[in-house]
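Sharing a structure here in structure tokens format.
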Amino acid sequence: MTRTLITSAIPYINGIKHLGNLVGSQLPADLYARYLRARGQEVMFICATDEHGTPAELAAKKAGKPVADYCAEMWQVQKDLADGFRLSFDHFGRSSSQRNHALTQHFAARLADAGLIDERSSRQVYSNADGRFLPDRYVEGTCPNCGYDRARGDQCENCTKQLDPTDLIEPRSAISGSTDLEVRETKHLFLRQSKLRGDLDAWIDGQDGWPVLTTSIAKKWLHDGDGLQDRGITRDLDWGVPVLRDGEPWPGMEGKVFYVWFDAPIEYIAGTAEWADANGQPEAAWRRWWREDEGADDVRYVQFMGKDNVPFHTLSFPATLIGSGEPWKKVDYLKSFNYLNYDGGQFSTSQGRGVFMDQALSILPADYWRWWLLSHVPENSDTEFTWENFQTSVNKDLADVLGNFVSRVTKFCRAKFGETIPEGGSMGEPERILIGRLSDGLAAYQTHMDNIEIRKAAAELRAIWVAGNEYLQEAAPWSVFKDDPERAAAQVRLALNLIRVYAVLSRPFIPDAAEAMLAGMQTDDDSWPTDMEAALTALPAGHAFVVPDVLFAKITDEQREDWAARFSGVRT
RNA sequence: GGCGGUGUAGCUCAGUUGGUUAGAGCAGCGGAAUCAUAAUCCGCGUGUCCGGGGUUCGAGUCCCUGCACCGCCA
């Protein structure tokens with residue numbers, strides 16, 4: 001049977017992510033992983049924190065901590081939030097791990113062996129006061145074009161002119177404000193991606209059924225203008241993977257580290273190795289997921305990410321893998337997402353705009369967020385989050401349609417038959433119709449989930465919930481009970497069994513509520529339904545259950561107004 | 001500036017390779033039911049598919065153009 005390797009774009013370390021970040025990669029990846037596991041597939045689901053680079057160093061400095069300590073703390077924060085959202089990673093790694101150091105250095109060495117790396121000098125701004133080279137965007141000054149006095153070294157935000165740091169008038173360090181700057185010559189390794197253009201082009205052409213968003217972005221970067229550019233893969237920083245070659249100093253590269261965008265995707269592989277280490281597994285256990293010569297030929301590899309990450313995953317990372325000359329597993333399907341907007345604007349980490357993962361969990365359980373975000377995931381276009389929409393969707397779908405179904409069935413049974421699945425009676429025409437609808441719905445649901453069409457899957461799941469209410473409405477056991485209790489018993493028995501089926505089908509979306517439903521039905525049978533009729537008789541007459549607590553309390557208007565006001569401004 | 005995306009019912013969005021009277025959920029209106037978290041179920045939509053040209057027997061769906069909003073520019 002096919003095994004599935006799933007990776008989510010790895011979140012950057014410098015702070016808590018907002019819901020737009022969550023819905024663009026980790027959450028849909030989790031949905032897919034949970035679904036495949038429920039279907040009995042072997043899954044390896046890897047995520048990690050992306051820890052290197054200047055922003056991490058600056059965030060650590062601002063927090064007054066050594067960067068390694070800062071990253072360790074923020075990793076734990078992000079790990080706890082991932083747990084809070086029930087993200088079911090097999091391993092949540094760190095790009096700063098020794099595994100990633102070793103693999104990053106390994107890839108660089110193989111690329112060098114293949115003649116795909118060369119050394120180039122460039123002139124970069126060095127800040128004496130900061131004791132470091134400054135990335136272009138960390139040099140500020142007056143724009144020579146428009147006179148804006150806070151232009152960045154890569155571009156003037158005011159007139160949008162692309163700049164070189166040396167163009168700036170009265171340049172200063174954006175870190176310290178120091179004007180004690182000089183231009184120094186520095187050498188860096190470049191990955192000669194341009195030589196791999198043909199390979200990449202052929203590889204992308206060989207992909208069937210990738211989302212248009214994915215291939216169009218890749219093709220654009222391959223063919224536009226001068227085509228795929230070689231890129232520097234090292235930086236003059238302290239925090240990162242040291243540039244070594246097979247464990248030895250790399251001549252001319254002393255004191256330098258690999259660029260974050262070179263080592264970050266390699267962490268997908270390293271993270272799997274970290275998983276093996278954490279679980280006492282041998283090398284072969286992780287290599288069978290990644291090396292086609294060591295068992296990975298039956299692996300299907302699916303990546304999830306926001307559209308801004310697509311170029312790195314369709315070009316840079318594959319260039320690393322292909323260029324190594326080794327049979328590493330490359331992505332088979334790349335699911336990319338548009339953006340989630342917040343109440344008329346963008347979610348913004350830098351501006352603190354929107355709802356952040358910690359805030360979200362502080363006001364509502366994970367399932368509420370998971371359901372809304374996944375059922376509105378920006379698959380085909382950007383999507384808008386509004387509190388009104390969130391409130392009505394969640395109340396209607398979760399509380400009224402699903403939660404109330406569980407409530408009305410279990411409470412009716414308790415009142416008329418006790419907290420035991422009643423016996424007697426048999427199925428009739430309405431039951432057969434229901435089973436037919438559920439079977440069709442299940443088939444559609446599976447198709448959408450298999451195709452990773454998440455909104456469609458969510459809509460189908462909701463329709464499956466609705467079918468239960470439609471049945472109850474038509475069967476009306478509360479009326480039937482008056483003169484044919486046995487018939488009512490059969491109806492209730494079916495409806496109670498439906499709760500278990502709903503729990504199983506809904507679990508990828510709302511794992512906690514699904515657990516509560518299974519707990520209420522006092523069953524461990526979470527097997528995926530293959531035959532709907534059989535699945536609806538899994539809990540036999542005489543089986544005891546308990547009426548669960550209200551699964552989803554409704555969001556009140558007062559809460560909504562309060563939250564809308566609280567999260568309207570800027571996070572402090 | 002270059003490139004890309006989006007613009008469909010009050011709201012959030014679907015609309016496959018162009019083909020019968022443009023759909024879903026929510027909201028709204030009417031009704032049924034009363035087991036249930038005042039929940040459920042049924043019925044009801046004449047919307048210049050952003051504007052203007054064009055291709056076609058036929059375009060929301062392709063081409064050109066204008067407008068608006070948004071993103072990216074390593």
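Residue numbering restarts at 1 for every chain, and letters A, B, ... go by the order of the sequence lines.
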Find which nucleotide of RNA chain B each of A:Val401 and A:Trp372 is nearest to by heavy atoms, and output the residue with the more 5' nucleotide.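 Nearer the 5' end of the strand: A:Trp372.
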Taking atom C1' in both B:rA9 and B:rC26, what distance in whole Å separates the two?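 Straight-line distance between the two C1' atoms is 12 Å.
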Nearest-angstrom distance, P atom, B:rG15 to B:rA24: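 Taking atom P in both B:rG15 and B:rA24, they lie 15 Å apart.
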Watson-Crick or G-U wobble mate for B:rC62, both contacts under 3.5 Å: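 Base-paired to B:rG54.
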Could you work out the separation of B:rG5 and B:rA14 based on their P atoms and round it to a whole Å?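 About 16 Å, rounded to a whole number of Å.
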Using heavy atoms to find the nearest nucleotide of RNA chain B for A:Glu474 and A:Gln193 separately, return the residue whose nucleotide is more 5′.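 That would be A:Glu474.
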Does any nucleotide pair with B:rG4 by Watson-Crick or G-U wobble geometry, both distances under 3.5 Å, and what is it?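 Here B:rG4 is engaged in a pair, and the nucleotide opposite it is B:rC70.
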Please find out if less than 6.0 Å separates the ring center of A:Phe567 from that of A:Phe356.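 Centroid distance A:Phe567-A:Phe356: not below 6.0 Å, so no.
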Between A:Trp369 and A:Phe390, is the gap from one ring center to the other below 6.0 Å?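 For A:Trp369 and A:Phe390, the ring centres are under 6.0 Å apart.
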Report yes if the distance between the aromatic ring centroids of A:Trp372 and A:Phe385 is under 6.0 Å, otherwise no.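 Yes.
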Would A:Arg370 count as a cation-pi partner of A:Phe509, with NZ or CZ less than 6.0 Å from the six-membered ring centre and within 45° of the ring normal?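 No.
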Looking only at side-chain atoms of A:Trp478, point me to the closest of B:rC26, B:rA33, B:rU40.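 Ranking B:rC26, B:rA33, B:rU40 by closest atom to the A:Trp478 side chain puts B:rA33 first.
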Integer-rounded Å distance: B:rC35 P and A:Leu496 CG: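 Distance check: A:Leu496 CG to B:rC35 P gives 17 Å.
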Given the P atoms of B:rU55 and B:rG60, what is the spacing between them in whole Å?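 Here B:rU55 and B:rG60 have their P atoms 16 Å from each other.
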Rounded to whole angstrom, note down the P distance from B:rG66 over to B:rG10.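 Their P atoms lie roughly 29 Å apart.
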Once you apply a heavy-atom cut-off of 4.0 Å, does A:Val466 come out as touching a base, just sugar-phosphate, or nothing?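 If one applies the 4.0 Å heavy-atom cut-off, A:Val466 turns out to touch the sugar-phosphate alone, with no base involved.
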Does A:Lys396 place a side-chain N or O at less than 4.0 Å from the phosphate oxygens OP1/OP2 of B:rU40?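 True: A:Lys396 side-chain N/O within range (under 4.0 Å) of B:rU40 OP1/OP2.
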Taking atom P of B:rA33 as reference, at what distance in whole Å does atom CG of A:Asp400 sit?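 Taking atom P of B:rA33 as the reference, CG of A:Asp400 is at 21 Å.
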Take atom CG of A:Asp397 and atom P of B:rC11, then tell me their distance rounded to the nearest Å.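 Atom CG in A:Asp397 sits about 20 Å away from atom P in B:rC11.
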Using the C1' atom in both, what is the distance from B:rG19 to B:rC62, to the nearest Å?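 Pairwise C1' distance, B:rG19 against B:rC62, rounds to 14 Å.
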Tell me if the aromatic rings of A:Tyr268 and A:His313 count as close, with their centers under 6.0 Å from one another.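 Between A:His313 and A:Tyr268, which both carry aromatic rings, the centre distance is below 6.0 Å.
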With respect to the phosphate group of B:rC26, does any side-chain polar atom (N or O) of A:Arg462 fall under 4.0 Å of OP1 or OP2?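 A:Arg462 to B:rC26 OP1/OP2: side-chain N or O found under 4.0 Å.
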Name the nucleic acid region contacted by A:Lys554, choosing base, sugar-phosphate or nothing; use a 4.0 angstrom heavy-atom cut-off, strictly under.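 Base, at least one base heavy atom under 4.0 Å.
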Between atom CZ in A:Arg408 and atom C1' in B:rA38, what is the gap in whole Å?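 Computing the A:Arg408:CZ to B:rA38:C1' distance gives 13 Å.
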Take atom NE2 of A:His448 and atom C1' of B:rA14, then tell me their distance rounded to the nearest Å.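 So the NE2-C1' distance, A:His448 to B:rA14, works out to 11 Å.
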Pair A:Phe317 and A:Phe262, ring centroids less than 6.0 Å apart: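 Ring centroids of A:Phe317 and A:Phe262 are no less than 6.0 Å from each other.
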Atom pair distance, as rounded to whole Å: CG in A:Asn404 and C1' in B:rA33: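 Nearest whole value for this atom pair: 13 Å.
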Applying a 3.5 Å limit to both distances, which nucleotide forms a Watson-Crick or G-U wobble pair with B:rG47?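 For B:rG47, the partner nucleotide comes out as none, under the 3.5 Å rule.
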Pair partner, B:rU40 [Watson-Crick or wobble, under 3.5 Å]: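 Checking every strand shown, B:rU40 finds its partner in B:rA32, with both distances under 3.5 Å.
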Does the ring centre of A:Trp261 sit less than 6.0 Å away from the ring centre of A:Phe312?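 Ring-ring flag for A:Phe312/A:Trp261: true, centres closer than 6.0 Å.
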Can you check the distance between B:rG53 and B:rG58, where both ends of the measurement are the P atom (answer in whole Å)?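 B:rG53 and B:rG58 have their P atoms separated by 16 Å.
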To the nearest Å, how far apart are A:Asn469 CG and B:rC42 C1'?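 From A:Asn469 CG to B:rC42 C1': 13 Å.
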Heavy atoms under 4.0 Å, any strand shown: does A:Ala399 hit a base, just sugar-phosphate, or nothing?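 A:Ala399: base contact, heavy atoms under 4.0 Å.
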Determine the contact category for A:Phe481: base if any of its heavy atoms lies under 4.0 Å from a base atom, sugar-phosphate if only primed atoms, P, OP1 or OP2 are that close, otherwise nothing.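 Nothing, no nucleic acid heavy atom in range.
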Grab the CG-P distance between A:Leu373 and B:rC13 for me, whole Å please.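 Result: 13 Å.
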Just call it for A:Leu472: base, sugar-phosphate, or nothing, with non-hydrogen atoms closer than 4.0 Å on any strand.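 Since no nucleic acid heavy atom lies under 4.0 Å of A:Leu472, the category is nothing.
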Which nucleotide, in any strand shown, forms a Watson-Crick or G-U wobble pair with B:rA24, with both distances under 3.5 Å?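 When the pairing criteria are applied, B:rU12 turns out to be the nucleotide that pairs with B:rA24.
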Quantified in whole Å, what is the P atom distance between nucleotide B:rC67 and nucleotide B:rG52?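 Pairwise P distance, B:rC67 against B:rG52, rounds to 15 Å.
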